[in-house]
Protein chains: 2
Amino acid sequence: MPRSGPRLSRIAQSLGVSVATVSNALSGKGRVSAELSARIKKTAEEMGYVPSQAGRALRTGRTGVIGLVLADIANPLFPQIAQAIEFAASEAGYGVLIADSRGASSLQMEAIDRLLERGVDAMIVIPRRGTRIGALGCPVALIDSPSTPGNSVSADHWEAGLAMGQHLRELGHRKVLLLGSGSESNVQNDRLGGIRAALGKEAVCETLWIAHRKPRNGEDFSLGLAGYYARGFTAFATTSDLHALRALSELQRAGISIPSQASVTGFDDLALAEVTSPRLTTMRMDMPRIAELAVKALIERLDLQDVGERMPSSSPVEAAQAKVAMQLVVRDSTAPVTRSLPYQAIQENPAGELRP
Amino acid sequence: MPRSGPRLSRIAQSLGVSVATVSNALSGKGRVSAELSARIKKTAEEMGYVPSQAGRALRTGRTGVIGLVLADIANPLFPQIAQAIEFAASEAGYGVLIADSRGASSLQMEAIDRLLERGVDAMIVIPRRGTRIGALGCPVALIDSPSTPGNSVSADHWEAGLAMGQHLRELGHRKVLLLGSGSESNVQNDRLGGIRAALGKEAVCETLWIAHRKPRNGEDFSLGLAGYYARGFTAFATTSDLHALRALSELQRAGISIPSQASVTGFDDLALAEVTSPRLTTMRMDMPRIAELAVKALIERLDLQDVGERMPSSSPVEAAQAKVAMQLVVRDSTAPVTRSLPYQAIQENPAGELRP
DNA sequence: CTGAAAGCGCTTACAG
DNA sequence: CTGAAAGCGCTTACAG
C-alpha cells in the first residue's frame, strides 16, 4: 500500500466523533460548532491529513483536474502556455493533465480520449491547425485564433498584426515581405492579414510561406531574402520569432545590416528574441490573462452544471468568447527606412486573406 | 451530473450477469468463459463503456497518474522533456499531471505537495539548480545531471561536453571561451568541465558566466565577444543554444564571420539551432530515451510496492541510476581554425570545476 | 466458470 | 449541533 496518510475515519476515531462531522468541519460548510470545528481542524493538521481525491471524486463526480491538449508540445510557445495554464488552474484549485497530439489530427482525438478516460472535468485545447473540435461531453475551451469557429479565448492576432503593421508603416516601410509557415493556420492568417491591412494600399506586400521541412546538412536552406532586399523590400515581417530569427540571420549573413538597412519583426516574444543582436521587435501575448480567462470560463461552466439540470451540450462554441490584446514589444530590429524608394503603384490583392 | 457513460452495473444488468463477472471479463484476468467474455467485451464496446478512474483509484489505491514537476516550465528545453515524458507515460498507461515551481525552491516544494494531494502514484522531478529532493512518500525519479546526488536518469552531460570539446579540438581550436549561465548548475558545470577536459592542457579556456538578468531596452547587453576574438579566441562553446545564439549573433554583428573566423557551439538542439545562418553545431539529448527510463524505473518501483511489503523509503537515491548518451549534431557553425596563432603556454587551472 | 459481498474514502441528505 | 446511513464505481478475495 502506497503512502496514504490518515483517513477521515482515523481522525474521527481519535477525536471520538463521526466522520460526517469531521468532513463537515473540514469542508467548512458550517453545521459544526466553532469549538469542535477548530479542534478537528487542528487534529487534522497535526496528523497531516490529506483528503483522498479518489474518494472525493467518486462521491462528487468531479476530479478537480483540467486536461490540456496541445497540437504539438514541441511548439516553442508551449512553455508560456503551459506555465500560464498551470498557474491559473492551480490558483483555482485544479490540477492540469497534459496530452500531446504530436501533429496528426487522429492523434489529437486520441489525446482527447485519453484525457476523458482519466475523468478530467473540463479541457483546454489548443487545436491543430484547421482542426475542428466538436462536442466532447465535457466543457471545452479552445485557445486559438478568434477566426476559428468555436474559439473561446485567444489573443487577438488580427489586432496584433494591425499594431505591428502600423509600427512598420510609421517607420516608413512601404514594401514588406511577409513570412509565415502556412496558410492553413488561422492564427498566421490573422497576423499577416492585420499587418497587411495596417500597411494599407500604398504598400506592397508579398507573402512567402516557409516550409516546415528541415533541410539536410549542407543543403541550401536559404530563403533568398537578399534577393528580396535587392528588389526593394525594406521590412521582413514574420508570424513567429523563429521565422524572424531565420530572416534576421540570413539577411545579416548576406551582409545586410539590421535594422539600418532592413527591419525584421517576429511574434510571440520567445526567449530567443532577447538574445539576438539586434534584439527582435516582436509581439507578446498576455498568456497569463488568456489562461485565466480560459480556466475561469471552464469553471463557471462546471459550476453551472452543478446547479442547473443537464446542459444541452458542452460544445466549445457555446463558451464565452474573449479576445485578449497583444502587446507590441519594440526592440532593436526595426528602424526607419533609410533608402528612398521609387514609389511603386503595384496593386496587390491576395486571395482569401480578408478578415472573416 | 457531468458526462458519465454507462457504468459496470449497467452493462452487467443489460447482459443479466454480475458486475464482478463483467469486471473480470474486461480486465482479462481469466476466470470467465471465453464465450461470455467475448460477449461482455462486445457489449461494453457498443455501449461505449469507459471505466471510472475514480472508482478504480479508490479501490486499488492507484491513480495511474505520474506527476511532472519542473523547476521552470518556461525553460526552452521543456517542450522536448514534456513531450517525451507524456509519450512514455501514456504508452505505459499513465497520465501526466504537471506542476511548475517557477524558480523559487519554496514553490518547488509546494508544487510537489500539490501533486501529492492529487494522489499521483509517482513523480518525475527536474529539480531547480542546487535543490535537493528528499524522500517524498512516493517513488521519485530525478532527471538532472549525474553529478547531482540522488539523480536517477539523465543525459551524460560530462560525456557530451567531452565529445563537444573533442570536436573543437580536432578542428584545431586551442583557445576557447566557455559561456554558461551559472556555476550553481551541475548540468552546466558538467558540460563545461567535459569540454575543458577534452581540450586538454594545451588549450586555453576562459569561462564567462552570463547573468540571466534581462537588459533594458537600449541598454548595452554586449558580452564583449569581439574583444575575446581579438585576443585570439577562435571558438565560443556554450552550455545552451540560447547562449550560442547570443554569441553567434553578437560576433556576426561585430563583423566576425562564423564559422570561417570563429566557431560557435550550443547544447540541446533547440528549434532555433536549425534556423540560424549558419546553423548551430550542438548536442542533442535523447529525451525519449531518458523519459522512457524514468517512467520505467518508476513503474517497476510501483509494481514492487504492489508485491512486496512496505518499501523502507522511497528516496530518489535508491532509484536505478542511468545515464543516456548525447549526440553531437555537427552543423555549420563550426569549422577548422584558419588563423595561425602563436602557441601560448598559458597554464590554466580553474577552481572547483573538476568532475565530482 | 460465475456471483454475492465487502470495502476503498469521501459527501450529502436526512434524522435526532 | 451532531451522527447513522447510503452510495459514488470499482476490484478482489471468497463461496458456490
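Each chain gets a letter, A, B and so on, in the order its sequence line appears, and its residues count up from 1.
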- Query: Is A:Arg56 near enough to C:dG9 that one of its side-chain N or O atoms lies under 4.0 angstrom from OP1 or OP2?
  - Reply: no
- Query: Salt bridge or not for B:Lys296 and B:Glu91, using N-O below 4.0 Å?
  - Reply: no
- Message: Check the phosphate of D:dC10 against B:Ser23, side-chain N and O only, distance under 4.0 Å to OP1 or OP2. Yes or no?
- Response: no
- Item | Pair A:Glu292 + A:Arg289, salt bridge at N-O below 4.0 Å | yes
- Task: Compare the minimum distances between each of D:dT12, C:dT12, C:dC10 and the side chain of B:Ala20, then state the nucleotide with the smallest one.
- Result: D:dT12
- Message: Nearest to the side chain of A:Ser33, heavy atoms from C-beta on, is which of D:dT2, D:dC10, C:dG3?
- Response: D:dT2
- Item | Heavy-atom pair with the smallest gap, counting every atom of A:Ala44 and A:Ile11 | CB-CD1, 3.6 Å
- Please tell me which of the listed nucleotides, C:dG3, D:dC10, D:dA4, lies nearest to the side chain of B:Tyr49? D:dC10
- Note on the structure: Using Watson-Crick geometry (N1-N3 plus N6-O4 or O6-N4) or G-U wobble (N1-O2, O6-N3), each under 3.5 Å, D:dG16 is paired with C:dC1
- Note on the structure: Per atom distances to the B:Thr21 side chain, the nearest of D:dT2, C:dT2, C:dT11 is C:dT2
- Once you round it to whole Å, what is the distance between P of D:dT2 and CD of A:Glu35? 8 Å
- Task: Report the residue from A:Arg39, A:Glu35, A:Lys41 that forms a side chain to side chain contact (heavy atoms under 4.5 Å, CB included) with A:Ser37.
- Result: A:Lys41
- According to a strict under-4.0 Å criterion, is B:Arg7 in side-chain N/O contact with OP1 or OP2 of D:dC10? yes
- Query: So which nucleotide from C:dC10, D:dG3, C:dG3 ends up closest to the side chain of B:Ser18?
  - Reply: C:dG3
- Query: Expressed in angstrom and rounded to an integer, what is the separation of B:Leu8 atom CG from D:dG9 atom P?
  - Reply: 10 Å
- Going through the distances and angles, do A:Thr63 and A:Asp121 end up as a side chain to side chain donor-acceptor pair (under 3.5 Å)? CA-CA 6 Å; A:Thr63 53; A:Asp121 292 340; 3.2 Å; yes
- Task: Could you check which of C:dC10, C:dC8, C:dA4 has an atom nearest any side-chain atom of B:Leu58?
- Result: C:dC8
- Message: If you compare every side-chain N and O of B:Thr60 against the phosphate oxygens of C:dC8 (OP1, OP2), does one of them come in below 4.0 Å?
- Response: no
- Task: Measure from the side-chain heavy atoms of A:Val32 and tell me the nearest of D:dC10, D:dT2, D:dC8.
- Result: D:dT2
